[in-house]
There are 2 protein chains.
Amino acid sequence: MSQHTQALTEFLAGLQYEQIPDTVLARTEDLFLDWLASALASAGSHPISLFERYAEQMGPAEGPARIFVNGKSSSAYFAALVNGASSHLVEQDDLHNSSVLHPATVVFPAALAAAQDLGKSGRDLLVASVAGYEAGIRIGEFLGRSHYRIFHTTATVGTLAAAVAVGKLMGFDQKQFTHLLGSAGTQAAGLWEFLRDAADSKQLHTAKAAADGLLAAYLTKDGLTGAQNILEGDQGLAAGMSKDANPAALSDRLGSRWALVETSFKFHASCRHTHPAADALLDLMQREQLQADDITSVITRVHQGAIDVLGRVVVPQTVHQAKFSMGTVLGLIALYGKAGLTEFHTHALTDPRVGAFREKVSMMLDAQVDDAYPARWLGRVEVNTRDGRNLHGAIDEPKGDPGNTLSREELEDKFRRLVAFSGARSADEAGALIDRVWRLREASQLNDLA
Amino acid sequence: MSQHTQALTEFLAGLQYEQIPDTVLARTEDLFLDWLASALASAGSHPISLFERYAEQMGPAEGPARIFVNGKSSSAYFAALVNGASSHLVEQDDLHNSSVLHPATVVFPAALAAAQDLGKSGRDLLVASVAGYEAGIRIGEFLGRSHYRIFHTTATVGTLAAAVAVGKLMGFDQKQFTHLLGSAGTQAAGLWEFLRDAADSKQLHTAKAAADGLLAAYLTKDGLTGAQNILEGDQGLAAGMSKDANPAALSDRLGSRWALVETSFKFHASCRHTHPAADALLDLMQREQLQADDITSVITRVHQGAIDVLGRVVVPQTVHQAKFSMGTVLGLIALYGKAGLTEFHTHALTDPRVGAFREKVSMMLDAQVDDAYPARWLGRVEVNTRDGRNLHGAIDEPKGDPGNTLSREELEDKFRRLVAFSGARSADEAGALIDRVWRLREASQLNDLA
């Protein structure tokens, strides 16, 4: 085994509640509430109902773990599967910048389902989630940008992050964590190819990452062995799925750097790659008091990853695809001042002015922006106006980034908006859920968290 | 979508029982019996019991589909999972040479579980299995040798092969098959890294390939969409996981070439990469009337894939690892004249003469053998004897290859030996199962096939 995998697995085995700073625990609660909002917001939407039906066909009629979109219960495997699918649909779940990993949608479905199955406490859930975030983020950074060009990191690395969280709940030692990484890593899968067809694979990816990670942990607990060097070995993850892997990232400042708090909340309901430009445009328009009609063209200066992910969408055919259309997002910003779930579902495809604005928007690779990425997601836009001006907008930290984060009040507001959007819970129920999450550290069990 | 994927999916949608030659149907029955032997042979062995327990923890208490190792029932998902794990353990399941795919262990678990769930007939099962073999073999050939260097093709391609078989049972049209390939392909995973540690991932791989393929089909049936060009797209399977993909392989002589009948049965109970050398040594020893003691060294001239897969095992620590040790396999051949399950479990690790013979064996890359591979698996050995002779042995078709195949009598004998090895069924039950398989074409339903 390499020294980096050794250090990572030793850290995971040794991690204790007491050593995690209060700010990290509080942020974990923030991220958990934010995740729950996304899981509930997709109730009733395609393709989540397909996963619900699959759980009913293949799973037990009821069980110890809760499925949020429909309030039913199942075994931990199917709860992780459906909750994993549902929390990534509305494009409002969190993102860690430098790993390009969405940790919440893979870590929390697996960790909560296992915690409910195993009768664990709120503190156990928090420690397990921290372990999942810290491992997943470092493994994402390790696999690097070349991995993300082809593979959906949240799917591939997500399997390992989910596995680690469940392994921590089970109290794994260093050897068990090594086996666990082996069994989770050899299941890591998920290709970006679906994006150009607006296919449903994104939900399949997070569903499977959460569920497969959980499966790996349960089998490891019972004695399944795994490769000892799955990350760095000659026939391991990096060998097969990366060209620029950085092993040192795996053990980067374990126990002193808390990567979890670097995670960004999503403010706009679109692909995170659109957010820097959206914020830069909004800032520019407010500063210059521009209306959408005043603008004749917008050039967004972006990193290569944005072009890879967004470049396929020309004319969006679905709301979900619209969230990956830079022009559509900027059109909503220019016309409505925001790009939330309501704007997407009410205006993104039907307002002809949004479509017209979309045609004014282009993306251009920018060396400075690309160099900063993925550690920093810089927003740079160049706007030409009807009256002949050439204006530049720039923001260095999109709204929701750690340096520009959301307050608990803003998170509660986002939670209420997302839950109201789907109608999955009443306003009172939403309030009660918020209260429960803010008291997560006191909960002796989580069985009725639903 | 590419023309090759188009042609493949059209072929799969249009495939009818009536167009499949009798020899192909008969060989499918042969392969099915051979698969069942492997599934039953692992009863009671690690790590199969872990998968059985997982199915009990996460699945329903009973269901329409049968788990062979323990005679229990579950939903189709868990039957596919456990039967997929169990049929690849004893290294006796079939292999298609040029794709380096073990089709049976992924296609039959998924197809049979779905057939039992959906109340399909023996003919339906045969057609579905043919579809799975024809698609899987071509996709394996498409991904090429570079894929197999890092990825366990039976795991990755196996997910697609299993999915296709279940999709055929469900009567998918061309569009559904395209979505299905997208949803199965984006789940394709499985790395060879586990091999050097003798870890349990091989069983995890086939379990997951069968179960994930089945999951993809059930979700596609209900309307889950997938990438339209998962095989050849810029961010698809070949882009991420192959350097020498050959798109033309996908549509190679569809409907006239039946790739299924090119599949080899395994005669020795070891990794297929050891078989050509084992047969060449056996042939040479019989011809020259040599005893093991007469031999001072054996150089096996092999293809690169053999070195990649077998080269990691120096001194085998487990019976399973011994099956990947060229020296151990040749030691059993030299000392016992065969390398069956009994020889592995009784002698491979404990007979010091086998260990001593192992030290005499080396592998050397041979350009001619490597050029012929994977279409042909040539066996070439060079033996030096105590009395100073330098002898050469050669076979061009290992026992079990299509041109040197096993008769039904030999298959029945192998079935009885494998079932007796684990004791999963009595001799009478084994006989009844054989009879059922030979009458598969007449079966109106398969629900009690267990």
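Order of the sequence lines sets the chain letters (A, B, ...), proteins ahead of strands, with each chain counted from 1. The figures that follow rest on heavy atoms only: side chains count, while hydrogens, waters and symmetry mates do not.
In this model, no donor atom of one side chain and acceptor atom of the other lie less than 3.5 Å apart for B:Glu62 and B:Ser73. Between B:Thr220 and B:Gln176, the side chains place no donor N or O within less than 3.5 Å of an acceptor N or O (distance only, hydrogens not considered). Side-chain polar atoms of A:Asp200 and A:His320 form no donor-acceptor pair below 3.5 angstrom. No hydrogens or angles considered: a donor-acceptor pair under 3.5 Å links the side chains of B:His147 and B:Thr156.
When heavy atoms are compared at a cutoff of 4.5 Å, B:His152 does not approach chain A at all. Contact of B:Leu195 with chain A is not made at all, since no heavy-atom distance falls under 4.5 Å. Contacts between B:Leu204 and chain A at a heavy-atom distance below 4.5 Å involve the side chain alone, from C-beta outward.
Between A:His88 and A:His205, the ring centre distance reaches or exceeds 6.0 Å.
When B:Asn229, B:Asp308, B:Leu215 are compared by the number of non-hydrogen pairs under 4.5 Å with chain A, B:Leu215 comes out ahead. In terms of heavy-atom pairs under 4.5 angstrom with chain A, the leader among B:Ile150, B:Thr186, B:Thr159 is B:Thr186. Of the listed residues (B:Gly182, B:Pro47, B:Gly223), the one with the most heavy-atom contacts under 4.5 Å to chain A is B:Gly223. Ranked by heavy-atom pairs under 4.5 Å with chain A, the list B:Tyr54, B:Phe151, B:Phe194 is led by B:Tyr54. Counting heavy-atom pairs closer than 4.5 Å to chain A, the top residue among B:Ser146, B:Ala188, B:Ser75, B:Ala65 is B:Ser75. Contacts with chain A were tallied for B:Lys221, B:Arg196, B:Gln203; B:Arg196 has the most, counting heavy-atom pairs under 4.5 Å. Between chain B and the residues A:Ala155, A:Ala199, A:Ala216, A:Gly63, the most heavy-atom pairs under 4.5 angstrom are made by A:Ala199.
Under the 30°/60° scheme for interplanar angles, the aromatic rings of B:Phe172 and B:Phe177 are found to stand perpendicular. Taking the six-membered ring where tryptophan is involved, the planes of A:Tyr77 and B:Phe78 are perpendicular, since the angle between them exceeds 60° and thus also 30°.
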